[in-house]
Structures are given as structure tokens and as C-alpha cells.
Undergrad: 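Pasting a structure below so you can have a look.
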Amino acid sequence: MPTPASHNDGMGSLLYPNGGGICRFRVWAPFARSVQLEGDFTPPGTPPIDLAPEGNGNWSTDVPAGVVKHLDKYRYLIENVGGGPGNDDSRIWRRADARALQVENSAASASGFVIAPFDQSVRPPFATPRFENFILYQLHVGSFAGLNDVTAFPVKSPDRTASFKNVVEKLGYIRDLGFNGLALLPIGEFMGDVGVGYGPADMFAPEDAYATRPDRAVEELLELIDQAHRKGLAVIFDVVYNHGAVNDNRYWRYDGNYYGSCGGGGGIYHENGHDTRFGCGFATWRREVKDFFLDNARMFLRDYRADGLRFDAVQFLPDDAVRHIVWALRNEFPDKYLIAEYNPGDFESAAAPLDPFANLGFHATWDLAGYDQAYGALSGNDAVNNLLRLIGDFKNPDPWRSLRYLLGSHDQIHDDDGSHLEKRYLVERFGGRANGYALAKARLAWALNVTLPGTAMLFMGSESHLDGYWDPDPARGEHRIDWARMGDPTAMPMRRMVADVNNLRWAHPALRSPAGNVVHVDYANQVVAFKRYSLDGDLLLVVVNVSDNQWTFGEYGVNLAGESGPWREIFNSQAPDYGGIITTGNPGGPRFVAGDGRLYLNLPSWSLLIFQKT
């Protein structure tokens with residue numbers, strides 16, 4: 001008779017580093033009659049290894065020393081108990097380990113790989129930035145590199161999907177733009193061969209298509225994280241706990257049980273899960289499933305040493321499950337940045353609206369209204385009031401609680417069939433790369449993003465005025481990051497501006513502080529000005545003009561609400577070096593507040609100017 005594993009020390013496979021080569025296997029299969037293990041260590045003619053029931057739904061065993069080694073493939077053979085509601089014992093269920101750290105592919109019957117524990121002693125030291133000190137660059141691994149690369153890009157597959165290693169080659173590019181963090185779209189194994197990543201087929205294993213070989217995915221993901229840290233870039237992973245994949249979902253009827261109504265009955269991982277419009281939710285009412293996701297988050301933060309997590313569509317998760325996961329992470333990893341995409345007003349929400357910070361435990365939420373407010377201001381639609389909504393009242397002592405993306409995130413730019421004309425890069429929505437007004441509005445949007453309170457995030461390609469839309473599947477056309485245009489004459493001025501205004505945020509604590517106030521509101525001319533300041537005396541004035549009006553002879557007066565003294569222009573989004581058209585500015589010496597309390601200046605159309613009190 002088989003005996004259970006000697007230690008109750010977690011789930012999945014564990015090759016003990018100091019255990020003389022013993023490997024523990026444990027899997028949750030509460031509706032199994034028997035569970036067996038086969039792999040590279042059970043060659044043809046050798047019987048599979050029996051796992052023992054632990055009496056709690058788990059099955060486990062210790063495989064003796066010297067039998068299993070790093071990167072051995074393995075999978076479970078699960079015999080369903082049969083009888084009762086929703087049990088199917090008509091076949092043996094061949095399954096990859098639900099917690100395998102790497103798998104061959106997204107097929108349910110694919111094998112996993114035994115992964116030795118990470119050697120943390122050889123990894124570079126890195127301190128997660130303080131939460132007010134993030135400027136994030138959002139990217140999708142598979143479509144970030146490869147198209148028209150000017151460097152020697154090793155095309156690793158006919159589908160042109162980029163790898164973790166290809167992203168490593170671009171880290172210097174991102175850091176030179178003044179970003180200090182990567183916000184990666186989901187990197188877990190997902191349904192199909194290529195996609196956005198929000199159809200999770202596997203929670204623990206990275207996408208095999210992102211590796212030069214499936215058995216190298218973990219190694220190469222670790223390399224990406226370590227190289228990012230060496231460059232000074234934090235890494236934030238996007239996790240999708242609210243629904244599983246529609247296809248290739250390895251957790252669907254995992255142990256042969258198909259009880260539950262969601263999507264036709266998904267069994268232990270999906271039983272009575274909240275059904276979403278994207279796929280069947282998980283059975284997070286079960287403690288085992290809540291712990292499954294908690295352990296997944298721990299893996300990213302503890303083992304991979306990620307700097308934060310972004311939780312997708314939290315409104316589709318029951319509140320008790322969210323609290324179970326997030327508060328445990330807050331206690332265990334107090335320096336890691338936990339972000340929620342949370343829209344409690346969604347008509348398919350799983351629960352009543354709650355405070356995402358005090359109740360659910362997140363540090364920050366995506367500013368779901370900000371993009372539309374920015375688009376409204378730049379479209380002339382209630383422009384001043386939309387600007388004022390964006391700027392806010394400066395009453396939040398922790399502005400990093402809001403993650404803002406005024407040029408759009410993947411949600412605003414991804415279009416999988418080209419029919420959604422509102423899902424485009426911002427430049428495209430205002431006329432395209434050949435339109436000077438469109439370029440000016442895009443420059444203004446990012447400059448405003450960086451000068452507002454909150455965490456700023458830019459989606460890949462926006463820094464180069466890419467137009468059109470983004471779709472990672474090359475079978476539907478090359479709507480990916482095009483490196484022939486990322487450095488062309490239209491792109492370079494925008495890249496210079498992005499780097500300059502990002503570096504201004506680093507140079508001025510005022511732009512990372514919670515403090516500020518609106519000092520000037522001009523509805524007639526569509527101009528707003530606000531101050532940003534810090535306790536160490538750093539004081540800036542930000543002037544925003546969202547109109548075609550232009551003042552060129554020092555004739556526009558900004559009310560400074562009692563401020564006096566000299567002010568020097570340190571940034572102009574319409575400067576010629578950034579591609580400004582018919583520009584005017586305030587170079588040279590400082591300008592002084594006049595007797596009427598106004599600062600008179602030159603003000604370009606569709607511009608953002610920053611002045612420093614000297």
C-alpha cells in the first residue's frame with residue numbers, strides 16, 4: 001500500500017534541495033478512486049507510481065532519492081470514483097499537475113516539468129520602489145518584439161511570438177525612457193497559441209510559447225525578472241483569478257467530477273463559480289480553491305520576487321475570497337504593490353460594492369474613468385470640467401492609490417477584429433501620425449499623466465506615436481509593436497518628450513507628493529493651471545491649454561492665487577524638440593508675477609507647460 005508524503009509542506013511537486021534527491025508529489029483530487037504518477041522516471045514497462053489518499057481530498061507520495069530529477073516530465077492518472085452526482089469514471093483522466101511550475105503546452109493532458117527550487121542566493125538584490133515612486137510601462141510579451149527589429153532578432157517560431165529573452169533585449173530601451181517598472185500582461189499558460197493572456201488555462205506555469213523551449217520557460221522568466229531588477233526596473237504581474245479559459249482549461253473537470261451548473265458543470269475548481277461574460281468563474285467558496293490562488297500569488301511575490309500584482313476584474317470574485325487572498329499578501333509582503341482592476345458597478349458583478357482599500361485590502365485601483373475624461377478634454381467635450389475631474393482636489397494623502405493611463409491601456413487599444421473604431425491608439429483617434437494636432441494631444445496626455453497625482457502607466461508603443469490598434473495574433477495582421485516605426489522621425493520626438501517628462505518626475509518630489517491645488521480655471525479659453533509642491537520646498541506650476549488658442553506675446557495671465565516671485569519654464573510639450581507645430585514658449589530667463597497677481601506667459605495651443613519657482 002502506498003503511504004502519503006512524509007511532510008505536509010504544500011502542493012505540487014517538490015524536489016527537496018537538502019533531502020538527498022527525494023521528490024514529493026501532492027495533488028487535490030477529492031473525487032478520485034485512485035491517483036497514479038507517470039513521467040520520465042517511469043519508462044515504458046515500468047508501472048506508474050501510486051499516490052496515497054490523505055483523507056482530506058489530497059493524494060501524495062514521496063518518490064525515493066535519485067529517481068526524479070530537475071526538468072523531468074510528469075503527469076497524473078486519475079481514476080474517478082464513479083456514481084453519485086457528476087462523476088465520470090468512463091476513462092482515466094490524464095492531467096498535468098494543477099500546480100506544475102511549467103507545462104509542455106496548454107492541453108489538459110500535457111505533462112508538467114519538475115522544477116527544482118529557485119536558488120535565491122544567486123539573484124540580484126533589488127528593493128521594491130516605494131508606492132509613490134512607480135512609473136510603469138505596460139507590455140505584452142508575445143507582441144512586444146520581433147516585427148521589423150533593427151537589431152538581429154532571432155525569430156524562434158513561424159508565428160513570430162516573442163519570448164521572455166527577447167524582452168530582456170529591450171529592457172535598456174524601457175529604462176532609458178525613464179520608466180522604473182514593467183506592468184506585464186498575463187504571462188501564464190493561456191488558451192490557444194497566441195493571445196492577450198486573459199483566458200488562463202494554467203495559473204502556475206508561464207506560457208510555453210514565450211520560451212525558447214517549453215522546459216526553459218521558468219528559467220527564462222526568472223532571467224527576465226533578474227535582468228529587469230539589474231536595470232532598476234520593478235516587475236508587476238497581471239493575475240486572472242476571476243474566470244478560467246473557455247478552451248484548454250486544465251482545471252475543467254480535473255478529477256473527472258463535473259458537478260455544478262457553470263458552463264455545463266466544471267467540477268472541483270469551478271463548481272458553482274460565478275459565471276462571467278469571459279468564462280466560468282472558479283469555486284472560490286471552497287477553501288482549497290481560495291488557497292490555490294493565494295499560493296499562486298505567493299509564488300510570484302516570494303519565489304519569482306515580483307514587486308507587485310495587478311488583479312484582473314476583481315468585481316467577478318466574491319468578496320470573502322478577495323479578502324482571504326489580499327489581506328494575507330498584505331501581511332506577508334508589506335512592501336509589494338497590490339493593484340485591482342475593480343468595477344463594482346459592472347452589471348455582472350459577483351458582490352456588492354466595497355471599499356477596495358480598507359475592506360478588500362488593495363493598495364491601488366485602476367482609474368477606470370481617467371482615460372474617458374482625458375479623451376473628453378482633448379476632444380473639446382466639456383473640456384475644462386473633464387480636466388478638473390482628472391486633476392482632482394488633492395485631498396488623497398496616498399495618490400498612488402490611483403493607477404492612471406491617459407493614453408490608454410491594453411483595454412482601450414486592443415481590437416481583435418478591427419471593427420471597434422474607439423479601440424485605437426490615442427493618436428489614431430485624433431487623426432493619425434501625420435496629423436500635428438493628434439501628435440500634440442498625445443504629448444499633452446502623457447505630460448499631464450506624469451504631472452497628476454497618482455501612478456502613471458503607459459502602454460507599449462504610445463511613446464512612439466504608434467497608430468492603428470494592437471492585436472497580438474499575427475494571423476490577423478501585423479497589429480503589433482513595429483520597431484521600424486518605434487524609432488522613425490515621427491517617433492523620436494515623442495520618445496524624447498516621454499523621457500524628459502518622466503525624468504522631471506524623478507527630479508521633482510513635488511510631482512510624487514500628494515500636495516497641490518488648482519489656481520486658475522478659464523472656461524472661455526479652456527485653460528487650467530494647478531500647483532504641485534512638496535514639504536522640502538519644491539514648487540511647480542502646471543499650465544494646461546486644451547484649445548486651438550495660442551498666445552505669443554506674453555499676453556496670457558495665469559492667476560497664481562497669492563504666489564509671487566520669479567518662475568522659470570522647465571517643460572513645454574509643444575517644444576520643437578518634441579515635434580511641436582507652430583510652437584511658442586517661454587525660454588530663457590524667469591518670468592515674474594505681475595502686480596495683479598498673474599504670471600503672464602506665452603501659451604501654445606494644445607500644450608502642457610511646467611514652471612518652477614526659482
Undergrad: How are the rings of His243 and Phe278 set to each other: parallel, tilted or perpendicular (split at 30° and 60°)?
TA: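 The rings of His243 and Phe278 sit tilted, inter-plane angle from 30° to 60°.
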
Undergrad: Salt-bridged, Lys531 to Glu563, with N to O below 4.0 Å?
TA: yes

Undergrad: Using 30° and 60° as the class boundaries, would you call the ring planes of Phe394 and Phe530 parallel, tilted or perpendicular?
TA: tilted

Undergrad: Just checking, any donor-acceptor pair under 3.5 angstrom between side chains of Asn502 and Arg505?
TA: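 There is no such pair between these side chains.
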
Undergrad: Does the separation of the ring centres of Tyr578 and Phe571 fall below 6.0 angstrom?
TA: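 Yes, close enough.
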
Undergrad: Check the angle between the aromatic planes of Phe131 and His363 and answer parallel, tilted or perpendicular using the 30° and 60° thresholds.
TA: tilted

Undergrad: Flag the pair Ser605 / Ile581 as yes when at least one side-chain heavy-atom distance between them is below 4.5 Å, and no otherwise.
TA: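 Ser605 does not reach Ile581 side chain to side chain.
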
Undergrad: Which label fits Tyr241 and Phe311: parallel for a plane angle under 30°, tilted from 30 to 60°, or perpendicular past 60°?
TA: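 Judged by the thresholds at 30° and 60°, the geometry between Tyr241 and Phe311 is perpendicular.
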
Undergrad: If you draw the axis of the six-membered ring of Phe611, does the NZ or CZ of Arg591 fall within 45° of it and under 6.0 Å from the ring centre?
TA: no

Undergrad: What class does the angle between the rings of Phe179 and Tyr137 fall in, given that below 30° is parallel, 30 to 60° is tilted and above 60° is perpendicular?
TA: perpendicular

Undergrad: The criterion is salt bridge (Lys or Arg N to Asp or Glu O under 4.0 Å); which residues satisfy it with Lys231, sequence neighbours excluded?
TA: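 Salt bridge (Lys or Arg N to Asp or Glu O under 4.0 Å) check on Lys231 returns nothing, list empty.
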
Undergrad: Would Tyr556 and Trp551 count as a close aromatic pair, with their ring centres under 6.0 Å?
TA: yes

Undergrad: Around atom CZ of Arg130, are there more than 12 heavy atoms from other residues, nucleotides or ligands closer than 6.0 Å?
TA: no

Undergrad: Report the relative orientation of the aromatic rings in Tyr173 and Phe144; use parallel for angles under 30°, tilted for 30 to 60°, perpendicular for over 60°.
TA: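 If you compare the ring of Tyr173 with that of Phe144, the planes turn out tilted.
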
Undergrad: Output, in order, the C-alpha distance, side-chain angles, deciding distance and verdict of salt bridge (charged side-chain N to carboxylate O under 4.0 Å, His left out) for Asp320 and Arg323.
TA: CA-CA 5 Å; Asp320 68 305; Arg323 289 193 295 267; 5.8 Å; no

Undergrad: On the ring face of Phe357, is Arg401 found with NZ or CZ under 6.0 Å from the centre and within 45° of the axis?
TA: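 Pair Arg401/Phe357 counts as cation-pi.
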
Undergrad: Look only at the side chain of Trp606 and the backbone of Leu444, and say whether a donor-acceptor pair between them is shorter than 3.5 Å.
TA: no

Undergrad: List for me each residue that meets side-chain contact (heavy atoms from CB on, under 4.5 Å) alongside Pro509, sequence neighbours excluded, and say none if there are none.
TA: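 Residues passing side-chain contact (heavy atoms from CB on, under 4.5 Å) with Pro509: Arg512, Ser534, Asp536, Asp538.
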
Undergrad: Between Arg495 and Asp176, is there a salt bridge with N-O shorter than 4.0 Å?
TA: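 Salt bridge between Asp176 and Arg495, a charged N being under 4.0 Å from a carboxylate O: no.
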
Undergrad: With a 6.0 Å cut-off on the ring centroids, do Tyr198 and His414 count as close?
TA: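 Not close enough - the centres of the two rings lie 6.0 Å or further apart.
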
Undergrad: Determine, for Asp291 against Arg287, whether the closest basic-nitrogen to carboxylate-oxygen distance falls under 4.0 angstrom.
TA: yes

Undergrad: Any idea how Phe293 and Phe282 line up, ring-wise: parallel (<30°), tilted (30 to 60°), or perpendicular (>60°)?
TA: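 Correct class here is perpendicular.
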
Undergrad: Is it true that a side-chain atom of Asn602 and a backbone atom of Gly554 form a donor plus acceptor pair closer than 3.5 Å?
TA: yes

Undergrad: Is the backbone N or O of Val235 less than 3.5 Å from a side-chain atom of Asp307, with the two atoms forming a donor-acceptor pair by type?
TA: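 Judged by distance alone, yes, a pair lies under 3.5 Å.
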
Undergrad: Ring centroid separation for Phe362 and Tyr342, is it under 6.0 angstrom?
TA: no

